[in-house]
Trainee: 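A single structure is presented below for examination.
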2 protein chains.
Amino acid sequence: MAIHKKEEFTQKEQDLAAFAKALAHPARIAILKLLAQKNECICGQIVDELPLSQSTVSQHLKELKIAGLIDGSIDGPRSCYCINWKAFEKFMGEFSFLFNKMKLQNEKACC
Amino acid sequence: MAIHKKEEFTQKEQDLAAFAKALAHPARIAILKLLAQKNECICGQIVDELPLSQSTVSQHLKELKIAGLIDGSIDGPRSCYCINWKAFEKFMGEFSFLFNKMKLQNEKACC
DNA sequence: ATCTTATATCGCAAATATACGATAAACGAT
DNA sequence: ATCGTTTATCGTATATTTGCGATATAAGAT
């Protein structure tokens, strides 16, 4: 990119975009699904379930964590990850609101 | 990327990721909001509302169209864009389902 | 203290995304 | 037929993302 333009948009637009970006890779979707399938936080075994190297999975986990979508505590050779439901509900709610509002206002298609 | 790994994931994971990717830029969020504010499809004037050059906006519109989130008909010097509600509801529904399901199964946090 | 195991981080290469100016294309108006 | 307007596409530069191997780190086991 020649010039950064993202900061020209509203904070809410940037936040929603950042949330979507965190979900914008199948590996990260798969990780979130994994975190849900077990009825508890996953301590280890995430790498084994994905067709990616350990370092790559670790990087995806890091991104999810930075985005606030998962929580994780690391104690030495063991890590423990789980979904941050609060953040999730917040963003999903904002999206739903945005699109429900849109839906209400605009129902007739023309193109 | 040395090697493409996206195709190793399920189609649904890839589809959800692609949907999220389309939303993963504030300009595209802003465009969708614009398309909602007017009570009809927007024919022109999208470029004027964004802090980006015409060619860049056109590119974002193209991506939203390829992702199936908007429809657009172009007749010569005029274009007409509107949101594809069907696609929207489909993806938002899938996300909601995924996360509601997750929420149901897993409520206790451990990390 | 050393070994093992699990995870994070670093450094790099390749792929993708973002942005813009220049140009092309499509059509209405003159 | 030419001009003006609007939008798309091309070419290019830069930024970011993805992925991996190598290495570091952290803690339990021996």
Side-chain angles (χ1 to χ4, degrees), chain A residues 1-9 13-14 17-31 34-35 41-67 69-82 111, chain B residues 1-9 13-14 17-31 34-35 41-67 69-82 111:
Chain A
M1 241 171 319
I3 306 161
H4 292 242
K5 287 282 188 167
K6 289 186 181 177
E7 55 275 3
E8 304 252 1
F9 296 93
E13 285 164 352
Q14 292 182 57
F19 171 73
K21 197 174 187 177
L23 297 173
H25 194 287
R28 295 195 287 271
I29 297 279
I31 288 171
L34 262 178
L35 288 177
C41 300
I42 296 189
C43 303
Q45 295 109 28
I46 295 181
V47 172
D48 306 331
E49 309 282 349
L50 297 177
L52 295 168
S53 76
Q54 181 266 324
S55 59
T56 302
V57 172
S58 185
Q59 211 175 306
H60 283 302
L61 286 165
K62 189 182 178 187
E63 280 171 55
L64 285 170
K65 201 173 175 186
I66 287 172
L69 291 190
I70 63 176
D71 289 319
S73 59
I74 305 110
D75 52 338
R78 211 148 299 270
S79 70
C80 179
Y81 284 109
C82 59
C111 48
Chain B
M1 240 168 319
I3 305 161
H4 293 240
K5 287 282 188 167
K6 289 187 181 175
E7 55 274 4
E8 305 252 0
F9 296 92
E13 285 163 351
Q14 292 183 56
F19 170 74
K21 197 174 187 179
L23 297 174
H25 194 286
R28 294 194 288 270
I29 298 279
I31 288 170
L34 262 178
L35 288 177
C41 300
I42 296 190
C43 303
Q45 295 109 27
I46 295 180
V47 173
D48 306 332
E49 308 282 348
L50 297 176
L52 295 168
S53 75
Q54 180 266 323
S55 58
T56 303
V57 172
S58 185
Q59 212 174 303
H60 282 303
L61 285 165
K62 188 182 177 185
E63 279 170 56
L64 285 170
K65 201 172 174 187
I66 287 173
L69 291 191
I70 64 176
D71 290 319
S73 59
I74 306 111
D75 53 338
R78 211 147 297 270
S79 71
C80 178
Y81 285 109
C82 59
C111 49

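Quick note on labels: first sequence line is chain A, next is B, and so on, each numbered from 1. Please read all numbers here as calculations on a predicted model, not as lab measurements.
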Trainee: Round to the nearest Å and state the distance from A/I46 atom CD1 to C/dT5 atom C1'.
Mentor: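 A/I46 atom CD1 is separated from C/dT5 atom C1' by 16 Å.
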Trainee: Measure the OG-CG distance between A/S79 and A/L61 for me, rounded to the nearest 0.5 Å.
Mentor: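 That separation rounds to 7.0 Å.
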Trainee: List in chain and number order the residues that pass side-chain hydrogen bond (donor to acceptor under 3.5 Å, both in side chains) with B/S55, two or more places apart in sequence or in another chain; answer none if no residue qualifies.
Mentor: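 Partners of B/S55 under the side-chain hydrogen bond (donor to acceptor under 3.5 Å, both in side chains) test: B/S53.
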Trainee: Between A/H25 (NE2) and D/dT16 (P), how many Å, whole number?
Mentor: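 Interatomic distance, NE2 of A/H25 to P of D/dT16: 18 Å.
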Trainee: Respond yes when some side-chain nitrogen or oxygen of A/Y81 is under 4.0 Å from OP1 or OP2 of C/dA8, and no when none is.
Mentor: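 The answer is yes; a side-chain N or O of A/Y81 sits under 4.0 Å from OP1 or OP2.
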Trainee: Using the side-chain hydrogen bond (donor to acceptor under 3.5 Å, both in side chains) criterion, which residues pair with A/E13? Sequence neighbours excluded.
Mentor: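 Residues passing side-chain hydrogen bond (donor to acceptor under 3.5 Å, both in side chains) with A/E13: A/T10, B/K33.
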Trainee: Looking at residues at least two apart in the chain, or sitting in another chain, which of them share a side-chain contact (heavy atoms from CB on, under 4.5 Å) with A/A67?
Mentor: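 With neighbours one apart ignored, the set is A/A22, A/L69.
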Trainee: Could you list all the salt bridge (Lys or Arg N to Asp or Glu O under 4.0 Å) pairs where at least one residue sits in residues 51-63 of chain A, not counting sequence neighbours?
Mentor: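 Of all non-adjacent pairs touching residues 51-63 of chain A, those that pass salt bridge (Lys or Arg N to Asp or Glu O under 4.0 Å) are A/R28-A/E63.
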Trainee: Is the shortest side-chain N/O distance from A/S79 to OP1 or OP2 of C/dA6 below 4.0 Å?
Mentor: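 Looking at the OP1 and OP2 atoms of C/dA6, neither is under 4.0 Å from any side-chain N or O of A/S79.
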Trainee: Atom CD1 of B/I29 to atom P of C/dT18: distance rounded to whole Å?
Mentor: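 My rounded result for the distance is 12 Å.
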Trainee: Under the side-chain contact (heavy atoms from CB on, under 4.5 Å) test, which residues partner B/E49, sequence neighbours left out?
Mentor: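 B/L34.
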Trainee: Tell me whether the OP1 or OP2 atom of D/dT17 has a side-chain N or O from A/K21 closer than 4.0 Å.
Mentor: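 Affirmative; the distance criterion is met.
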Trainee: Expressed in angstrom and rounded to an integer, what is the separation of A/L52 atom CG from D/dG21 atom C1'?
Mentor: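 In whole Å, D/dG21 C1' and A/L52 CG are 14 Å from each other.
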Trainee: Send over the distance from B/E49 CD to D/dT6 C1', rounded to a whole Å.
Mentor: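 Interatomic distance, CD of B/E49 to C1' of D/dT6: 16 Å.
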Trainee: Using a cut-off of strictly less than 4.0 Å between a heavy atom of the residue and any atom of DNA chain D, enumerate the qualifying residues of residues 53-63 of chain B by number.
Mentor: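 Within residues 53-63 of chain B, the residues near DNA chain D are B/Q54, B/S55, B/S58, B/K62.
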